[in-house]
S.K.: 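The structure is given below, and queries will be raised subsequently.
Owing to the predicted nature of the structure, the values given are computational and were not obtained by experimental measurement. We count residues from 1, following the sequence as given.
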Amino acid sequence: MQLDLSDFNLNQRYILALLAHEWGPMFTSSVNWLSYMSECAWYGVTCSMNGTVTKLELVVLKMSQNFVPFLRWENMTGTLLPEISRLSSLEKLSIRILPSELGQIRALAHLSIWPNQFTGTIPSEIGQLKELNHIDFGSNELTGSLLSELGLLKQLTYFAMDSNQFTGNIPSDLGGLNQLSELYLFSNKFTGIIPSEIGGLELLTVISMDSNNFTGTFPSAILQLEGLIFLNIGSNEFAGSLPSELGLLKQLTYLEIYSNQFTGTLPSELGGLNQLSELYLDFNKFSGIIPSEIGELGLLTVISMYSNNFTGTVLSAILQLEGLTLLEISSLPSELGLLKQLTYLGISSNQFTGTLPSELGSLNQLSELYLDSNKFTGIIPSEIGYLTSLRRLHMYSNQLRGALPSELGYLREISDLNLTSNNFTGMIPSEIGELTSLAMLSIGSNHFTSTLPSEIGLLKELNQLDISVNEFTGSLPSQIGHLIELTDLRIFSNQFTGTLPSEIGSLNKLTVLDLSSNNFTGTIPSEIGELTVLAVLSMFLNQFTKTIPSQIGQLKELNCLDVSFNQLNGAPPSKIGTLKKLTYFGINLNKFTGTIPSELGGLMELSSLYLDSNRFTGMILSEIGEMTSLSFLSIQSNQFTGTLPSELGKLKELILVHLNSNQFTGTIPSEIGELTSLTYISIGQNKLTGTFPSELGCLKELSELSLSDNQLTGTISSEIGELTSLRVLDLSINLFTGTMPSEIGQLKELSYLGISCNEFTGTIPPEIGSLKGLSTLSLEANKFTGTFPHDIENNLFLMNFCLGDNNFTATLPADIETDFPCWTRRMCDMFFNL
């Protein structure tokens, strides 16, 4: 189609029609597009007074049911972008593209591709956009270095390249952007020093360069920017001391230099920053005293200086800051109570000792108090009850002791209370029920005793409750069922008894329920099936009886089910096979009987299956080969029979296989050799026959191989030497013959070698003497002849050493029996006859 280029209305209408043709189906709003109305009334189009398109902001786009904020380059076809470049008056373009043709839109003043997922580098043609005053490429995945061509954009006032993956140094050419007022380079991988040319940007008011890898001393260029209001160079690798000239930046309101390697004392000149409202010095190596001049910063509301090496009375200067609302420091003196305006106090992750001062109760404006991860001792002062505005209280990971003060019940606004990992004792006060705003209550890893108060049921807003690793007794109160907002309930490692209340079925928002390591009895209530969003159900190490209720099949979101170490019996319900998201299934150490339900083969996401120490019978079904995500398979100590299915070879993710202590017969399938991720395999205590499969030599990651107590015959193949990661090799109590392969000497990681009670002949290969890490060597009850390698006698790690009942011709070193007795041929014969 030929356009009359002199008719700009027709020209731009045609270009926008092309746009609608290419992308129109993806618009979430196409109001007025392609209608009789002027294109200036179309959605996302802005025109000047004379009707020329000046802005194109199609910033809402629907693709694949997800809202994407900008147009996508990969959906553009033909010559559409060059056509857009003919909109010669276009001043603002918000897109999701970064092509080289961008340089053709010469009138462009505002360019934003924030936030998207752009990759690649910035095209050099960007330097042609001489009218550009605003550029925002933040929050993408751009790489490479910043181009020197960016220094040609002399009209720039706003420059943002933050949150990308840029590398290299900052180009000195940026020093030519003398109109620049805001510079954002944070969250990249920039290195090197800040170029001195930055000091020439006299109009600069904002610098944010945090979270990079800048090095050197404090940038001298920044000290020339007297109009600077906001400076953040935190989380870099700057070192050295702070220059006194920093005090000349009189307009600074925000200064953040946290997480660097600054050393030395704070310059007193910081007291000249009388506009400063926020100061972050934490995670450096500052030392000395806090200069008294800090107390002159009357507008300061936030100061964070923890994780340094300050000495002296830290608060002597800070106490003058009556407007302070947030304080993070490295000490906790009683004078702290004078800071009446404090709303935030954080001294987490230090090495503080001593008791908590009662003067904390004077900070009645405090809404957040973080004292966690220190070494505080003593009790919680009752004055804590005066902090009636408190919303978050963290005291976890200290050495606090005693009972909880009943005055905690006055903290009616608190939503987050974390007291875990202390030495608290006694009962939970009934006043806990007064904290009706509480959403998170964590008091695990203490020494609380007695029963859980029924008042816990009054905390209707609670969504996380952790009382694990304490000494609670009695039954779980039925009022627990009133906590209908609970998503996470952890009461493991206590001494709860009685049956599990059926009211637990009311907690239909639960995603985690951990009742393990208690003394619960009775049956698992069928109401457990009402917890339809449950992802984790752990009940191991209790005394639950009868069987798993079939209602367990209703928990379609379940990914972890552990009921091991109980007294459960009967057959597991086949409905477990419908839990398609299950990744962990543990029912070991119970009294389950019958065969494995074939439906388990449908659990395609299962990575861990523990059925060991039950009374299961029957064969391993071929359906096990469908469980291709399986990494851990343990079915030992049951009564399984039949042969090992070749389908085991399909389980390529297997790391651990424990099949020992069953009644398997037949040969070891050669397909085992295809499990190249296998680290542990134990098939001992069965009735397997046949030879040592040479395919086992393919298992390069194998650390433990146990084939003991079977009826295996033949020789040990030389491929055994390929298992160079092997630490445990147990072939004892079989019918192996021939000589010991010298390749065993290649197993330098071996600590346990057991081949007793076989029919091995010949001499011991001298290569055995090179196994310096051996702690157990069991060669007894074979038919070895000749002499014994004396290098083994000098092994300092050897703790168990058995050579008896062989046909050696030389004098042998005495047996060492530390952890287990040495076998005799008579003992072996008796064992075979059992």
S.K.: Let's go through Val536 and Asp514 carefully: what are the C-alpha distance in whole Å and the side-chain angles of both, what is the deciding distance for side-chain contact (heavy atoms from CB on, under 4.5 Å) to 0.1 Å, and is it a yes or a no?
M.R.: CA-CA 7 Å; Val536 175; Asp514 193 341; 5.8 Å; no
S.K.: About how many Å separate OG of Ser373 and CG of Asn398, when rounded to the nearest 0.5 Å?
M.R.: 7.5 Å
S.K.: For the atom pair CD1 (Ile414) and OG (Ser437), what is the distance rounded to the nearest 0.5 Å?
M.R.: 9.5 Å
S.K.: If you take the centroid of each ring, where Trp contributes its six-membered ring, are Phe492 and Phe540 closer together than 6.0 Å?
M.R.: no
S.K.: Could you tell me if the side chain of Arg401 sits less than 4.5 Å from the side chain of Ile379, heavy atoms only?
M.R.: yes
S.K.: For the residue pair Leu393 and Asp416, establish whether any side-chain heavy-atom pair is separated by less than 4.5 Å.
M.R.: no
S.K.: Under 4.5 Å between any side-chain heavy atoms of Leu276 and Leu255, yes or no?
M.R.: yes
S.K.: Are side-chain heavy atoms of Leu534 and Thr511 found at a separation under 4.5 Å?
M.R.: no
S.K.: Kindly compute the distance separating CG (Leu281) from OG (Ser304), expressed to the nearest 0.5 Å.
M.R.: 7.5 Å
S.K.: Give a yes or no on whether Tyr410 atom OH has more than 12 heavy-atom contacts from other residues, nucleotides or ligands under 6.0 Å away.
M.R.: no
S.K.: For Arg391, is there any backbone N or O sitting under 3.5 Å from a side-chain donor or acceptor partner on Ser415?
M.R.: yes
S.K.: How far apart are the closest heavy atoms of Met209 and Leu185, and which atoms are they?
M.R.: CE-CD1, 4.0 Å
S.K.: I'd like to know if the side chain of Asn446 and the backbone of Phe448 have a donor-acceptor N/O pair within less than 3.5 Å.
M.R.: no
S.K.: Can you see whether Lys556 engages Thr578 through a side-chain donor-acceptor pair at a distance of less than 3.5 angstrom?
M.R.: yes
S.K.: Where the side chain of Asn188 meets the backbone of Met161, is there a donor-acceptor pair that is under 3.5 Å apart?
M.R.: yes
S.K.: For residues Asn566 and Met539, report the shortest heavy-atom separation together with the two atoms involved.
M.R.: ND2-O, 3.1 Å
S.K.: Is a side-chain N or O of Asn164 found less than 3.5 angstrom from the main chain of Glu141, in a donor-acceptor match?
M.R.: yes
S.K.: Could you grab the distance from atom CG of Asn418 to atom CG of Leu441, nearest 0.5 Å is fine?
M.R.: 8.5 Å
S.K.: Would Ile290 and Met305 satisfy side-chain contact (heavy atoms from CB on, under 4.5 Å), going step by step from the backbone distance to the final call?
M.R.: CA-CA 10 Å; Ile290 306 296; Met305 53 178 64; 3.6 Å; yes
S.K.: Near Leu299 CG, under 6.0 Å, is it more than 12 heavy atoms from other residues, nucleotides or ligands?
M.R.: yes
S.K.: Show, in sequence, the C-alpha distance, side-chain angles and deciding distance for Phe424 and Leu404, and conclude whether the side-chain contact (heavy atoms from CB on, under 4.5 Å) test is met.
M.R.: CA-CA 7 Å; Phe424 293 119; Leu404 298 185; 3.9 Å; yes
S.K.: At what distance, to the nearest 0.5 angstrom, does CG of Leu438 lie from CG of Leu408?
M.R.: 10.0 Å
S.K.: Please verify the inter-ring angle class for Tyr254 with Phe230; under 30° counts as parallel, over 60° as perpendicular, anything in between as tilted.
M.R.: parallel
S.K.: Please walk me through it: do Leu606 and Phe585 pass side-chain contact (heavy atoms from CB on, under 4.5 Å)?
M.R.: CA-CA 8 Å; Leu606 199 66; Phe585 182 40; 3.9 Å; yes
S.K.: Which atom pair, heavy atoms only, marks the closest approach of Leu579 to Leu558?
M.R.: CD1-CD2, 4.1 Å
S.K.: Side-chain donor-acceptor pairs under 3.5 Å in residues 517-524, sequence neighbours left out?
M.R.:
from: Asn518; atom 1: OD1; to: Asn494; atom 2: N; distance (Å): 3.3
from: Asn518; atom 1: OD1; to: Gln495; atom 2: N; distance (Å): 3.3
from: Asn518; atom 1: OD1; to: Phe496; atom 2: N; distance (Å): 3.1
from: Asn518; atom 1: ND2; to: Ile491; atom 2: O; distance (Å): 3.1
from: Asn518; atom 1: ND2; to: Leu515; atom 2: O; distance (Å): 3.1
from: Asn518; atom 1: ND2; to: Ser516; atom 2: O; distance (Å): 3.2

S.K.: Please give me the minimum heavy-atom distance between Leu400 and Thr377, naming the atom from each residue.
M.R.: CD2-O, 3.4 Å
S.K.: Could you check if a side-chain atom of Phe186 sits within less than 4.5 angstrom of a side-chain atom of Ile207, using non-hydrogen atoms only?
M.R.: no
S.K.: Does a side chain donor of either Tyr396 or Asp372 reach within less than 3.5 Å of an acceptor in the other side chain?
M.R.: yes
S.K.: Would you indicate whether the side-chain heavy atoms of Val206 and Leu183 approach each other to under 4.5 Å?
M.R.: no
S.K.: Above 12 or not: heavy atoms from other molecules or residues under 6.0 Å from NZ of Lys580?
M.R.: yes
S.K.: Does Asn364 reach the main-chain N or O of Gly361 with its side chain, forming a donor-acceptor pair under 3.5 Å?
M.R.: no
S.K.: Counting only heavy atoms not in Tyr386, do more than 12 fall under 6.0 Å of its OH?
M.R.: no
S.K.: Hey, does the side chain of Ser277 reach the backbone of Thr253 with a donor-acceptor pair shorter than 3.5 angstrom?
M.R.: yes
S.K.: For a quick test of reading the model, state the closest non-hydrogen atom pair linking Glu182 to Thr205 and the distance between them.
M.R.: CG-OG1, 4.4 Å
S.K.: Ignoring hydrogens and angles, tell me if any N or O in the side chain of Asn463 forms a donor-acceptor pair with the backbone of Glu485 under 3.5 Å.
M.R.: no
S.K.: Between Asn422 and Met395, is there a donor-acceptor pair closer than 3.5 Å when you use the side chain of the first and the backbone of the second?
M.R.: yes
S.K.: Without swapping roles, check the side chain of Ser468 against the backbone of Arg490 for a donor-acceptor pair under 3.5 Å.
M.R.: no
S.K.: Quick check: closest heavy atoms across Gly234 and Asn236, and the distance to 0.1 Å?
M.R.: O-ND2, 3.1 Å
S.K.: Roughly how far, to the nearest 0.5 Å, is OG1 of Thr263 from CG of Asn284?
M.R.: 9.0 Å
S.K.: Would Asp210 and Ser208 count as having a side-chain donor-acceptor pair, cut-off 3.5 Å?
M.R.: yes
S.K.: Just wondering, do Leu531 and Leu507 contact through their side chains at under 4.5 Å, heavy atoms?
M.R.: yes
S.K.: Taking side-chain contact (heavy atoms from CB on, under 4.5 Å) as the criterion, tell me which of Val563, Leu568, Thr499 meets it with Phe544.
M.R.: Leu568
S.K.: Determine whether the side chains of Asn470 and His447 contain a donor N or O and an acceptor N or O closer than 3.5 Å.
M.R.: no
S.K.: Under 3.5 Å, is there a donor-acceptor pair between the side chain of Asn260 and the main chain of Glu237?
M.R.: yes
S.K.: Does the side chain of Tyr370 reach to within under 4.5 Å of the side chain of Leu345, using non-hydrogen atoms?
M.R.: no
